[in-house]
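Below is one structure; the comments refer to it alone.
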Amino acid sequence: MYKFTSILEKDEKFSKQANKGVPTMNEVVAHLKILFAFKELRAQITTGVSDSAHAEKLWQCYVTVAVRRFNVFINALIDQKHPLKNFELLPPLDVLLVWHSFLLNPRSYYANFTTNLFPEFLSVPFPLHHVQKSIDDTKFVFAPTTDESDKFCVFMESYLVKIGSQERFTYDSYQPFDPSTMSFTITCPVCNSELGTVPLSTDNHTGFADAEFAFKAKRCECSQEMVVDHMELRFRKFTNDVKNTMTLTPVFKYCSPSLTKRELSMSQMDMKVKRLQPLLKQKEKF
Ligand SMILES: [Zn+2]
């Protein structure tokens, strides 16, 4: 078993100066520990399920909930104006799983946070050091201290209370995980009206996390009562983006010299990109 010769003192942005951008041995081992912890998480969620199709479905539902929890986490950071420098919060493992997966697609990650006017989060390194300290070296179980989990729950619940949500934040992400007890409220991507509440998963595969998702949505400002599925939600999101005067998401990558060599000239950019560009460039100088 690998023994750490020295711990990672802190999480740092990918640095061109330090070690010529090549990860250190400890960083690689820390990363592998996290990947093993994700594997262990999946084993825990699907434990006792012998049918592989059922296990796959259970994991799909779990990840769907995890994505939503990551979104709530990001919204809480924006709303609470939480300090991002020396980021000390330790999210639960399912939220870290989504964060880590999202980072594997840097363009999408970059575009998402710039489009949603939260480019500050691009400077927050994935908490590699903090996470690996909470994973044991033999079974790779993620077990942060009570202080760490409590601190995160207090942060999330203060946000949920502020927005009037009845939801309580559970750090251990609903273990044992039972999707049959869960439901999602669906809102219209165009007018934000509530379209209805749907189960996460159903036996006939029509829940929100299912491939054949469909439900009878309430009438909203932009549509009559109708059957809505994933495609209809994507279509409404697309039409909303087309009508919106907001810069189209793929444009933002041209603000980043790390993501593209072809930068837009000032005359090619709209006002929103112009406003963001100096901030983004400053953040890339490390
Ligand atoms: Zn609508």
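We count residues from 1, following the sequence as given.
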**OP:** Measure up the Trp99 and Phe121 rings against each other and bin them: parallel (under 30°), tilted (30 to 60°), perpendicular (over 60°).
**Re:**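 Rings of Trp99 and Phe121: tilted, 30 to 60°.
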
Original post:
With under 30° as parallel and over 60° as perpendicular, where do the rings of Phe113 and Phe102 fit, or are they tilted in between?
Top reply: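 Correct class here is tilted.
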
Original post:
Is the centre of the Trp59 ring less than 6.0 Å from the centre of the Tyr62 ring?
Top reply: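 Yes, the ring centres sit under 6.0 Å apart.
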
**OP:** May I ask you to check whether Phe73 and Phe152 place their ring centres under 6.0 Å from each other?
**Re:**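 For Phe152 and Phe73, the ring centres are under 6.0 Å apart.
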
Subject >> Pairs where residues 190-210 contributes a residue and the test ring pair (Phe, Tyr, Trp, His ring centres under 6.0 Å) is met, not counting sequence neighbours >> reply: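 Output for this query lists Phe184-Phe208, Phe208-Phe213, Phe208-His230.
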
If I take atom [atom1] from residue [X] and atom [atom2] from residue [Y], how far apart are they, to the nearest 0.5 angstrom?
X      : Y      : atom1 : atom2 : value
Ile34  : Leu41  : CD1   : CG    : 13.0 Å
Ile74  : Asp79  : CD1   : CG    : 13.0 Å
His31  : His100 : NE2   : NE2   : 3.0 Å
Lys39  : Leu32  : NZ    : CG    : 12.0 Å
Leu103 : Leu122 : CG    : CG    : 9.5 Å
Ser101 : Phe70  : OG    : CZ    : 9.5 Å

Which heavy-atom pair separates [X] from [Y] by the least distance, and what is that distance?
X      : Y      : answer
Thr114 : Ala111 : OG1-O, 3.0 Å
Leu96  : Pro127 : CD2-CG, 4.0 Å
Thr46  : Ala55  : CG2-O, 3.5 Å
Leu233 : Pro189 : O-CG, 3.6 Å
Glu167 : Leu160 : O-CD1, 3.6 Å
Gly207 : Thr202 : N-OG1, 3.5 Å

Original post:
Yes or no on side chain to side chain contact (heavy atoms under 4.5 Å, CB included) for Ser193 and Lys218, after CA distance, side-chain angles and deciding distance?
Top reply: CA-CA 9 Å; Ser193 303; Lys218 290 185 225 169; over 6 Å; no

For a 4.5 angstrom cut-off between non-hydrogen side-chain atoms, does [X] reach [Y]?
X      : Y      : result
Arg69  : Val98  : no
Phe142 : Val131 : yes
Leu77  : Tyr159 : no
Met156 : Pro92  : no
Gln44  : Phe177 : no

**OP:** Begin from the C-alpha positions of Cys188 and Cys222 and carry the test side chain to side chain contact (heavy atoms under 4.5 Å, CB included) through to its verdict.
**Re:** CA-CA 9 Å; Cys188 174; Cys222 52; 3.4 Å; yes

Subject >> Asp203 atom CG, neighbour heavy-atom count above 12 within 6.0 Å >> reply: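 Counting other residues, nucleotides and ligands, CG of Asp203 stays at 12 neighbours or fewer.
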
Original post:
How about Phe36: does its CZ atom have over 12 heavy atoms from other parts shown lying under 6.0 Å from it?
Top reply: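 Atom CZ in Phe36 is not crowded, with 12 or fewer foreign heavy atoms closer than 6.0 Å.
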
**OP:** For the pair Cys61 and Met182, evaluate side chain to side chain contact (heavy atoms under 4.5 Å, CB included) and give the outcome as yes or no after the intermediate values.
**Re:** CA-CA 10 Å; Cys61 290; Met182 295 179 165; over 6 Å; no

Assigning hydrophobic clusters by single linkage (Ile, Leu, Val, Met, Phe, Trp, Tyr; side-chain heavy-atom cutoff under 4.5 Å), is [X] placed with [Y]?
X      : Y      : result
Val141 : Tyr171 : no
Val161 : Val72  : no
Val190 : Ile186 : no

Pairs where [range] contributes a residue and the test salt bridge (Lys or Arg N to Asp or Glu O under 4.0 Å) is met, not counting sequence neighbours:
range            : result
residues 147-157 : Glu88-Lys151, Glu157-Arg168
residues 41-50   : Arg42-Glu56
residues 206-216 : Lys57-Asp210, Lys216-Glu225

Subject >> By side-chain contact (heavy atoms from CB on, under 4.5 Å) - contacts of Phe235 (at least two apart) >> reply: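 So Phe235 forms a side-chain contact (heavy atoms from CB on, under 4.5 Å) with Glu232, Thr239.
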
Original post:
With sequence neighbours excluded, what pairs up with Ser158 under the side-chain contact (heavy atoms from CB on, under 4.5 Å) test?
Top reply: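 Expected list: Gln80.
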
Subject >> Check: Lys33 main-chain N/O paired with Gln132 side-chain donor or acceptor under 3.5 Å >> reply: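 Judged by distance alone, no pair lies under 3.5 Å.
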
Original post:
Please walk me through it: do Ile135 and Glu40 pass side chain to side chain contact (heavy atoms under 4.5 Å, CB included)?
Top reply: CA-CA 11 Å; Ile135 300 171; Glu40 178 60 26; over 6 Å; no

